[in-house]
Amino acid sequence: MQILSLIRNRFFQALTGWIDQPEEYASRVSIARDPQHGDYQANIAMPLQKTLNLPPREIANQLVSRLSIGDLCHEAEVAGPGFINLRLRDSFLAEQLAAAAQDSRLGVGCLPSRTFVIDYSAPNVAKPMHVGHIRSTVIGDALARILRFLGHQVITDNHLGDWGTQFGMIIYGYKHFVDPVAFHADPVVELSRLYRLVQSIIAYQNACPKLEKLEQGLNVARKQAAEAEAAAKVDSKQKKVAAAALKALRSAEDNLAAVEAIINGFQADPKNLTVAQQHPDLETQAQLETAKLHQGDAENLALWERFLPISIAEIESVYRRLDIHFDHTLGESFYHPLLSSTVQSLLDAKMAVESEGAICIFLEGFDAPMLIRKRDGAFLYATTDLATIEYRQREFQPDVILYVVDHRQSEHFQKLFAAARACGYTDIDLQHISFGTVLGPDGKPFKTRSGAVIGLEYLLDEAIQRAHQVVCDPQRMQKAGLEMSAEESQEVARVVGLGAIKYADLSHNRTSDYEFNTEKMVQLEGNTSAYIQYMYARIQSIIRKSGEQLDQDSIAHFAIQLTESAERSLALQLLQFEDALLQSLDEYYPSVLTTYLYTLAKQFASFFDQCHVLNADSEEVRRSRLAICFTTGRVLKQGLGLLGIGVVDRM
RNA sequence: GCCCCAGUAACUCAGCUGGAUAGAGUAGUUGAUUUCUAAUCAACCUGUCGCAGGUUCGAGUCCUGCCUGGGGUGCCA
């Protein structure tokens, strides 16, 4: 039962026949921002001031007199410049809460089903997964779960990067640097070593020629900055120029330092230098291996077929730990055979044209065209993305495709969507669900001090270990009267630790960058999953101690009555679960749901403090409060579950 | 150069289609504990919402300009 839409509907009826666009104005009813003003508020009168040429308070009074809502709310109040404030009847709340408690879906309705394809995670195989992969994976998974719960048909597809230049690097590395014993012992580790080795050589070789130029550039920048500063002292109009010169100087210093770091890091091992000399221009060599692979070279194809399952197995082990499952894993390689015909049909349709040797799609509103075939004949990711849309339309007939990909690719998606529309895919709602960068404590993209990326598995281990230290601390366990086996405490640490990582990610507005701070997220205080999980465990503890067998059927015999204010606000929050879910899908923001759950957990904590359950004044109150606890527990579990986060009965 | 995103408390961040006195968490101060699990609760403290104009009954939110930071920008993905 969605209370908001129920109330809006009453306003719609009151507005119909009085003003134009009653629906638009009815939608201006919302949850009250400040509980002092009631439960819901309608900001309808003020914007009608000009249309009706009446004072807004007068409009509000007239609207209230037309409104038939007495069965749900107390008398509507007109306040301030013309706000209409509504307060739900306690009897109505109690009745709705009882219905939700007995409902398998907690009173959440289903939407008219639409078909969604969600494209998320999409790591590059053969590269170790790192913290940057968390966001796409976790956000995409949460959206898939929420959409499914609300009745949509969801097809999840992991568009693996399994055909790109990284394979050229690994193939080259395998051919020249493999340690057969190490490969036999642990192919994943060895392949990962080969990738990093080739990558570091390429980085070094690219850095060396830049060094001299950057040093010269720095000297020039220093001189210019000094001159500009001197000029600014004489003529204050030159201050802007001086500031720009200073900025350029800083930037030149940073660039040089970065290149020097690469070179010094590489040269730290003298063996590296010999290797780099023996394999000049490694980047081109690796590209050649990639090209051979794409052209069907038997040796490279055999190596690719050998390496791919190894890498995928490693990625899947991460997904298993995170409880992430895909309906399809159709990587780039899957589309490779389709690309030439995709390009040809675009050429035939005169959508694409040749320019400077490349095949391009020129799009209105964009300076640069979208390239779909390079001068050398190779295809690009835009080509694959177009072929993918074609395939998904044919196979799945989706209403919506969501691409959960970081914000740096927003221009690419704008072009891709424009191209798709131009190609006639106008019935699919294509959405780029972009997200910000994961930052380290220094406010820069999350890396170690030496600049290396940190493996995702390591971070998961760390979070679980920290969760164990904090949650399963023997002193604490004893104080709380929890005696756990090693297995149970390990399981608690696992659920809490993984939840901490997922929740930290989901609770931030997806479009902004956020600081990935393992220390903070496992502090297990404040707005964290552990706090919510803890409230869930306390609820289970009360229910256990009550000795009652509570389930969806038996709860019908536990009549709900709301007397204390903490009970009432908790009940209202519980009934707004559906609103939170719908709003989280409005623009695909899982953080709306985390905020809802955290608020709910806090309200429960307050209720727990103020309203004793097992020692309640009367049996009726005790039973009512047990029903409230039971329902709160179910909503918390369901809500966390929709974020891919589990709960435990004791912690 | 052009395009996109951001700038809110000491710190990390919310702030929904413009609404009432701008909110949480952390940190700090204070109170509550023979605990239905104190990982808790209650209270206090902290603001030039980057700057300047504009739109209107009303602007953190919309528009313009500027400042600062990040990202993208024809042959990587």
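For the numbers below, each heavy atom of this structure counts, side chains included, while hydrogens, waters and symmetry mates do not. In the text below, chain A, chain B and the rest are named by the order of the sequence lines, each starting its count at 1.
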P gap between B:U34 and B:C16, integer Å: 43 Å
B:C3 base / A:Glu411 side chain donor-acceptor hit below 3.5 Å: no
A:Lys374 side chain, from C-beta outward: closest of B:C75, B:G71, B:C41: B:C75
C1' gap between B:C45 and B:C2, integer Å: 47 Å
Sugar-phosphate only, base, or nothing, as touched by A:Ser30 at under 4.0 Å among non-hydrogen atoms: base
Side chain A:Gln166, main chain A:Val125, donor-acceptor under 3.5 Å: yes
Shortest side-chain distance from A:Ala537, nucleotide among B:C75, B:U40, B:U37: B:U37
Candidate nucleotides B:C57, B:C76, B:C75, ranked by approach to the side chain of A:Arg375 - the nearest: B:C75
Touch class at under 4.0 angstrom, heavy-atom based, for A:Gln414 against every strand present: nothing
Pair A:Ser606-A:Gln610, side-chain donor/acceptor within less than 3.5 Å: yes
Under 4.0 angstrom between A:Asn527 side-chain N/O and B:A14 OP1 or OP2: no
Sugar-phosphate, base or nothing in reach of A:Asp376, heavy atoms under 4.0 Å: nothing
Shortest side-chain distance from A:Glu525, nucleotide among B:U26, B:C36, B:A24: B:U26
Residue whose nearest RNA chain B nucleotide is more 5′ - A:Leu380 or A:Ala605: A:Ala605
Sugar-phosphate, base or nothing in reach of A:Cys611, heavy atoms under 4.0 Å: base
Closest to side chain of A:Ala358, choosing from B:A24, B:G74, B:U56: B:G74
Shortest side-chain distance from A:Arg408, nucleotide among B:G74, B:U37, B:G72: B:G72
Sugar-phosphate only, base, or nothing, as touched by A:Phe608 at under 4.0 Å among non-hydrogen atoms: base
P atoms of B:C5 and B:C44, separation to the nearest Å: 39 Å
A:Tyr335/A:His159 aromatic ring centres below 6.0 Å: yes
Sugar-phosphate only, base, or nothing, as touched by A:Val470 at under 4.0 Å among non-hydrogen atoms: nothing
Nearest-angstrom distance, P atom, B:U61 to B:U17: 12 Å
Rounded C1' spacing from B:C3 to B:G74 in Å: 15 Å
Face-to-face stacking of A:His612 with B:C36, centres under 5.5 angstrom, angle under 30°: yes
Selection from B:U40, B:G60, B:G71 that lies nearest to any side-chain heavy atom of A:Arg33: B:G60
N/O (side chain, A:Lys545) to phosphate O (OP1/OP2, B:U37) under 4.0 Å: yes
Sugar-phosphate, base or nothing in reach of A:Phe366, heavy atoms under 4.0 Å: nothing
Rounded P spacing from B:C51 to B:A59 in Å: 16 Å
Distance between C1' atoms of B:G50 and B:C67 (Å, rounded): 7 Å
C1'-based separation of B:G15 from B:G7 [nearest Å]: 15 Å
Sugar-phosphate, base or nothing in reach of A:Lys479, heavy atoms under 4.0 Å: base
Sugar-phosphate, base or nothing in reach of A:Glu587, heavy atoms under 4.0 Å: nothing
A:Arg87 and A:Glu77: CA distance, side-chain angles, deciding distance, salt bridge (Lys or Arg N to Asp or Glu O under 4.0 Å) verdict: CA-CA 9 Å; A:Arg87 189 177 162 83; A:Glu77 282 173 19; over 6 Å; no
First of A:Thr437 and A:Gln49 reached from the 5' end of RNA chain B, by closest nucleotide: A:Gln49
Closest to the A:Gln41 side chain, choosing from B:U37, B:G19, B:A24: B:G19
A:Gln199 side chain to A:Tyr195 side chain, donor-acceptor N/O pair below 3.5 angstrom: yes
Nearest-nucleotide pick for A:Met535, side chain only, options being B:G74, B:U12, B:U40: B:U40
OP1 or OP2 of B:C41 under 4.0 Å from side-chain N/O of A:Tyr531: yes
Sugar-phosphate only, base, or nothing, as touched by A:Pro47 at under 4.0 Å among non-hydrogen atoms: base
Check: A:Arg28 side chain, A:Asn43 main-chain N or O, donor-acceptor pair, under 3.5 Å: yes
Phosphate-side-chain proximity, A:Ser355 and B:G74, N/O vs OP1/OP2 below 4.0 Å: no
Sugar-phosphate only, base, or nothing, as touched by A:Phe379 at under 4.0 Å among non-hydrogen atoms: sugar-phosphate
Cation-pi geometry met for A:Arg510 and A:Phe435 (6.0 Å, 45°): no
Under 5.5 Å and under 30°: A:His37 stacked on B:A20: yes
No-hydrogen, no-angle side-chain donor-acceptor test under 3.5 Å, A:Gln205 and A:Asp281: no
ring centroid sep under 5.5 Å plus plane angle under 30, A:Phe83 with B:G19: no
Sugar-phosphate only, base, or nothing, as touched by A:Cys629 at under 4.0 Å among non-hydrogen atoms: nothing
Sugar-phosphate, base or nothing in reach of A:Ser512, heavy atoms under 4.0 Å: sugar-phosphate
Of the listed nucleotides B:C13, B:G25, B:C57, the one nearest the side chain of A:Lys50: B:C57
Presence of A:Ser541 side-chain N/O under 4.0 Å of B:U37 phosphate oxygens OP1/OP2: yes
Side chain A:Asn85 and base B:A20 donor-acceptor under 3.5 Å: yes
Touch class at under 4.0 angstrom, heavy-atom based, for A:Ala378 against every strand present: nothing
B:U73 pairs with, by Watson-Crick or G-U criteria that keep both distances under 3.5 Å: B:G1
Any side-chain heavy-atom pair of A:Glu289 and A:Phe167 under 4.5 Å: no
